[in-house]
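Step one of this worksheet: look at the structure below.
Numbers here simply count residues along the sequence, with the first being 1.
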Amino acid sequence: MKIPGSEKFKIYRDVNAELTEKFNIPNGYEFHGQSVHYPATIILNKEGKELFRYVGADNTDRLPFSTTARKIKRYQKTGK
């Protein structure tokens, strides 16, 4: 699903969890001998101010795309 106006947004997929420290996201947990990082969605405005944050309880607790799309639309309208 394409979000109208989303071309103005930068979306990063941080597969190596390099941004966890910068955004103060818990490092994760050990699972079968591997470090598993918590799924997180953070929405920032143009100035870099955090508008929304979701950090899952475990690797399966991910924010649905439809919820993310609604949040982005809301912040586009309100600017907050």
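- Rounded to the nearest 0.5 Å, atoms CD1 (I25) and OG1 (T41) are 9.0 Å apart.
- Rounding to the nearest 0.5 Å places CG of N24 at 9.0 Å from CD1 of I42.
- Sorted pairs that involve residues 20-35 and meet salt bridge (Lys or Arg N to Asp or Glu O under 4.0 Å), not counting sequence neighbours, are lacking altogether.
- To the nearest 0.5 Å, atoms CD (Q76) and NZ (K71) are separated by 14.0 Å.
- The distance from atom OG1 of T68 to atom NZ of K73, rounded to the nearest 0.5 Å, is 12.0 Å.
- For Y29, the side-chain hydrogen bond (donor to acceptor under 3.5 Å, both in side chains) criterion is met by no residue, not counting sequence neighbours.
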Identify each donor-acceptor pair in which a side-chain atom of residues 50-60 lies under 3.5 Å from a protein atom, sequence neighbours left out, and give them as a table.
| from | atom 1 | to | atom 2 | distance (Å) |
| --- | --- | --- | --- | --- |
| E50 | OE1 | R53 | NH2 | 2.9 |
| E50 | OE2 | R53 | NE | 2.9 |
| R53 | NH1 | F23 | O | 3.0 |
| R53 | NH2 | F23 | O | 2.7 |
| Y54 | OH | D61 | OD1 | 2.5 |
| Y54 | OH | D61 | OD2 | 3.1 |
| D58 | OD1 | T60 | N | 2.9 |
| D58 | OD1 | T60 | OG1 | 2.6 |
| D58 | OD1 | D61 | N | 3.2 |
| N59 | OD1 | R62 | NH2 | 2.9 |

